[in-house]
2 protein chains.
Amino acid sequence: MAMTGLTRRRGRPPASESTAGDTRGRIVRAAVELFAEKGFHGTGVAEIGDRADVQRGALYYHIGSKEELLWQILRDYTQLMLADAERITSGDDDPITKLRKLIHSHVELIVDHRREVAIQLRDVGALTGERGAQLQELRDRIQLHWQQVLDAGYAAGLLRTADHVITNSVLGMLNMVTFWYRPHGGRSPGEIAELLAATVLDGVVTDHHTKG
Amino acid sequence: MAMTGLTRRRGRPPASESTAGDTRGRIVRAAVELFAEKGFHGTGVAEIGDRADVQRGALYYHIGSKEELLWQILRDYTQLMLADAERITSGDDDPITKLRKLIHSHVELIVDHRREVAIQLRDVGALTGERGAQLQELRDRIQLHWQQVLDAGYAAGLLRTADHVITNSVLGMLNMVTFWYRPHGGRSPGEIAELLAATVLDGVVTDHHTKG
């Protein structure tokens, strides 16, 4: 559905509706498409301008630099994930319910932002200095919310482990959804999230030790 | 240990030991390092020659092109994974034991080849035409071995699911080890594999439905 929204909003709007915000939005959407298709290093600033239908001078006025665009793209979607993780972890649910909700939230955001996730997995190294550090800090805060839920579940005797290996791996598994998910592949994001939540929580083995 | 081997074998060998195989090996090792550090597109052929201590003409004689190097690097480690998956799935173990062995094999190969895995996750799109198709075929064959083990486990009533979502996700989770594994991070590859195998097989929840 993010795709539909994006397609609908692309192209040159009537002049009377064209504000700085519209132009900026067109540039960002063009950059997301191009970075996802060709990589950050493989995309030229002129191409972004062509696809967004924005002239060179206006492009620099609105975005500053290609790295600034990359930073904004990765920051915006990471902040969405962080906000949702904060909302879930600050609620009153038990840790297992929170973990299930975190998995659902993460899978659905990743499916909606799979191009941004692919850009991040490939090109996050192109963010240098302060921007790279700030993005890493946002990501660390997301991971900390997951870790706190695992720690609380372990302390309450609900989980067998709160090992960082598990936190890293579960987040990694969810991020990788971006590489194999297909919009019409037969599973909705919610179904994928439920399958993955069931695996993380209960494993794939049936009625442990009673069969086989 | 792969790192140690690599470090030991770098640098210019005595002229009397320098064979075509040595030169070729030095070029491949230099390319793995540079592609992992700077990306395929960010690495120039001249840089590979400098790091391998091989002159420009000899470089082209030994490797043909930068894409040819990328192809050989990704093919070689993927073939290792496929060979190990074939060995495990053709054995006499029950499906759960096979799944555990597949996870161990995959994690240990990924830790040993984490630079190749990082190159693949970032730059596999740079392989065009026939080479891209051949690599995808090797990867599909690996995934098929995993799927056959899951299918056999499901048919025998040992596993709750053999959904492709699980196969994709478990392989994705293991590949992502490359992004957070640190050689002296407190967990050996075998320990990481065991934690992940336990999670996939039995989940993170304790004594199901009896607590909480």
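Each chain gets a letter, A, B and so on, in the order its sequence line appears, and its residues count up from 1. This structure is a prediction, so every number in the text was calculated from the model and none was measured.
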Contacts with chain B made by residues 162-182 of chain A (heavy-atom distance under 4.5 Å), listed by residue number | Asp163(A), Val165(A), Ile166(A), Asn168(A), Ser169(A), Gly172(A), Met173(A), Asn175(A), Met176(A), Phe179(A), Trp180(A)
Considering only heavy atoms, give the residues of residues 120-129 of chain B separated from chain A by less than 4.5 Å, sorted numerically, with 'none' for an empty result.
-> Leu121(B), Arg122(B)
Enclosure of Gln55(B) CD (heavy-atom neighbours >12, cutoff 6.0 Å) | no
Sub-3.5 Å donor-acceptor pair from the side chain of Thr206(B) to the main-chain atoms of Arg160(A), do we have one?
-> no
Below 4.5 Å, heavy atoms only, C-beta onward: do Val205(A) and Leu159(B) meet side chain to side chain?
-> yes
For Val200(B) and Thr199(A), work out which heavy atoms get closest and say how close.
-> O-CG2, 4.2 Å
In chain order, what residues pass the salt bridge (charged side-chain N to carboxylate O under 4.0 Å, His left out) check against Glu191(A), with sequence neighbours excluded?
-> none
Under a 4.5 Å heavy-atom criterion, the part of residues 66-103 of chain B in contact with chain A comprises Ile96(B), Leu99(B)
Can you establish whether the number of heavy atoms outside Arg139(B) located under 6.0 Å from its atom CZ is more than 12?
-> no
